[in-house]
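One structure is given here, and the rest of the page talks about it.
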Amino acid sequence: MNNKNPYRGRNELSVTLRSFRREFIVVGIFSFVSNLMLLAPTIYMLQLFDRVMISGSELTLLAVSMITLFLFVVMAFSEWARARVLVRAGLRFDNELSTRVFNASFEAYLSQTGANPSRAFNDLIQVRQFLTGQGLFAFFDAPWAPIYIAVTFMLHPWLGILALIFALVQAALAWFGHRHTVKPSEDAAKASNDVSAYLYGKVRNAEVLESMGMIRNLHGHWDERHQNAMAQGNVAQAQSHKVVAFSKFIRYSQQSLSLGAGALLVIDGRLSAGAMIAANVLMSRALAPIDQLVGSWRVFVSTRAAYQRLSALLKAYPERDATLTRVAPSGKLELRKVSASAPGRTTAILKDISFSVAAGTVVVVLGPSGSGKSTLARTMIGIWPDVRGEVLLDGLPIQGWNRMELGPHLGYLPQDVELFDGTIAENISRFRELDSPKIIEAARCAGLHDMILRLPKGYDTPIGEAGSLLSGGQRQRIGLARAVYGDPALVVLDEPNANLDDAGELALLRTVSELKAKGKTVFLITHRPGAVAAADRLMILRDGRIEHEGPRDEVVAKLRAQSLPSTPGSSATGALPA
């Protein structure tokens, strides 16, 4: 982790928002002007009813109307300007945080916490949209409510008291909405997200579901979650609609009662007709921000939840030091008393693993299913989350490397090969800038070049999402070419021959020999003992522990000696070659 992170110990998201102080001040100034100009209709009506209509002066009417029109232009400009400032601030907010959220969300996904990277971006979009939406304007306009009420008091104290009563009722309604809509809205959002995640996970395996008739079986599980989400959503909507209905009742009551109260004062001769109309407009304007806050409360609640999730994400996965640089590694790898666990397991997957491998060594890792081979692969390249002990690359902790700097020096072929929507060349080059000689060299090293040339568009052939247009063997060999692209110092291959035919396996062994000739460190994890022929060292895992480790011939001799009393080939690793 980065020890020089400027946000360490602070809320990174709030620090970013504080960097927009100038924009918020500018928006506050334009909001001041806009709300000040909203007094123009009140003053215009007072002048119209109490001066122009009494004097009958057309010139006065024209002058007052032109001044009012100018003030409306100023108000419109202020509204446009503050909206434009916030839109630009929203874009800058996204630019400053999108990369951080991208990196942190994928780190969270790798940590197996169940995090969904797309959820983090939805949270970022929601916070950004709130910053540029009407909900934020309500917060800037709300402080003007006391000013409008004070002006109403100036017209007549009874009207001011009436406006104050309605404002307090609206504020109480906002508080009621907060108390009774926050938790239902959060529960409904969580349930809806759970349903989406469940359905997305099943759709990714649609071929399996359809081929074996499992869709109807899974529908019941989905429908149970769906009905729960619908019920929670109905509760949240019912509470929200109740608050909105009360808000409308209060707003319409205020408009009518304020006119009635003003008319009563006019009848008693204590208020002019112009002041009656002006007071009604002022009272409506005073309650508008509060009413807007009540209407946007649900959005505010969901935005606050999104803000809290983003804050927790950025705090849990702080930014790595981008200035950290190291000498390119040679490939020496050492593990010291390493144990690896996973959520939900009572026992560790890897238990007290220790070994040291010099640069340029080919290590073949064998062992039965469930012995921890794939976990060891992820641990060696530093992407397994729950690890105790030390994983050292060239004597330095692998977690201390900048991953963007380290990535080109590592090659990794997972057991389940994942390719991405793009061309073959883009996938081999790891979506970096295309370097044709390096791409062709990696393809040749993986024994893939001739096969690619036989495709309709060669290296420019699109492979579809997740490599859906390729066979399993083709995907595996493209993944192998990607792993060896750029001559990485450390290459970890997890079951690279699982989908290969005999020709593909021979090509794999040639690839390993070429990497060895170049002085690269290679870990070949496999079930097939035939790969032992390519090994300098042999490692046997069983139940998360190293059962045997050492030079190939020594380990093979030990295994053969142990298997002599029993049936040939009955050892945990199967029959080993001579």
Side-chain angles (χ1 to χ4, degrees), residues 26-86 134 137-138 140-167 170 247-248 250-293 295:
V26 171
V27 171
I29 292 173
F30 281 120
S31 297
F32 171 83
V33 175
S34 176
N35 282 276
L36 186 63
M37 294 302 103
L38 283 174
L39 292 172
T42 302
I43 299 174
Y44 181 71
M45 280 184 283
L46 286 172
Q47 296 299 317
L48 192 66
F49 282 95
D50 297 344
R51 176 170 298 182
V52 174
M53 295 182 68
I54 294 175
S55 66
S57 173
E58 296 180 356
L59 184 61
T60 302
L61 174 62
L62 178 63
V64 171
S65 299
M66 293 302 295
I67 292 173
T68 303
L69 184 62
F70 171 76
L71 294 178
F72 284 161
V73 171
V74 173
M75 179 185 68
F77 173 80
S78 300
E79 292 279 353
W80 170 82
R82 72 175 185 172
R84 185 174 178 83
V85 169
L86 281 183
Q134 294 299 318
F137 289 149
F140 280 103
D141 295 340
W144 279 83
I147 297 176
Y148 294 137
I149 293 174
V151 176
T152 307
F153 265 103
M154 294 172 62
L155 294 176
H156 196 281
W158 284 114
L159 294 179
I161 292 173
L162 185 62
L164 183 61
I165 291 173
F166 275 109
Q170 282 281 52
S247 177
K248 286 184 178 180
I250 293 169
R251 182 169 67 250
Y252 296 144
S253 299
Q254 170 266 317
Q255 292 174 355
S256 299
L257 291 178
S258 62
L259 280 175
L264 181 62
L265 293 173
V266 171
I267 292 172
D268 292 342
R270 290 185 286 177
L271 192 70
S272 66
M276 177 190 73
I277 303 297
N280 181 265
V281 173
L282 275 174
M283 207 177 298
S284 298
R285 186 58 204 164
L287 299 180
I290 301 175
D291 186 58
Q292 194 173 5
L293 284 175

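Computed from a prediction, not measured in an experiment: that's the story for all the values here.
Contact annotation: the side chain of N35 never approaches that of F140 to less than 4.5 Å [non-hydrogen atoms, C-beta and beyond]. For the pair P41/F72, a side-chain contact is recorded, criterion being any heavy-atom separation below 4.5 Å from C-beta on. Within the 4.5 Å cutoff, the side chain of M75 has no heavy atoms near those of the V33 side chain. Residues L282 and I149 are not in side-chain contact: their nearest non-hydrogen atoms beyond the backbone lie 4.5 Å or more apart. The shortest side-chain heavy-atom distance between W144 and F32 falls under the 4.5 Å cut-off. Using a 4.5 Å cut-off on side-chain heavy atoms (C-beta onward), L271 and L159 make contact. The shortest distance between side-chain heavy atoms of S65 and L69 does not fall below 4.5 Å. Side-chain contact between I161 and F153 is present, with at least one heavy-atom pair separated by less than 4.5 Å.
How far OG of S258 is from CE of M276: 9.5 Å, rounded to the nearest 0.5 Å. Going from atom CD1 of I277 over to atom CG of L259 covers 6.0 Å, rounded to the nearest 0.5 Å. In this structure, Q47 CD and T60 OG1 are separated by 9.0 Å, a value rounded to the nearest 0.5 Å. Atom CG of L162 is separated from atom CG of N280 by 10.0 Å, given to the nearest 0.5 angstrom. Here CD1 of I29 is found 13.5 Å from OG of S34. Values are rounded to the nearest 0.5 Å. Rounding to the nearest 0.5 Å gives a distance of 8.5 Å between CD1 of I43 and CE of M37.
Checked by atom type and distance alone, the side chain of T68 pairs as donor or acceptor with a backbone atom of V64 at under 3.5 Å.
Scanning both residues, A163 and M283, for their nearest heavy atoms gives CB-CG, 3.5 Å. Closest of all the heavy-atom pairs between A40 and L71 is CB-CD1, 3.8 Å.
Listed by first and then second residue, the salt bridge (Lys or Arg N to Asp or Glu O under 4.0 Å) pairs that reach into residues 145-161 come to none, sequence neighbours excluded.
A cation-pi geometry, defined here as NZ or CZ lying under 6.0 Å from the six-membered ring centre and within 45° of its normal, holds between R82 and F137.
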Step by step, would you call Y44 with I67 a side-chain contact (heavy atoms from CB on, under 4.5 Å)? CA-CA 9 Å; Y44 181 71; I67 292 173; over 6 Å; no
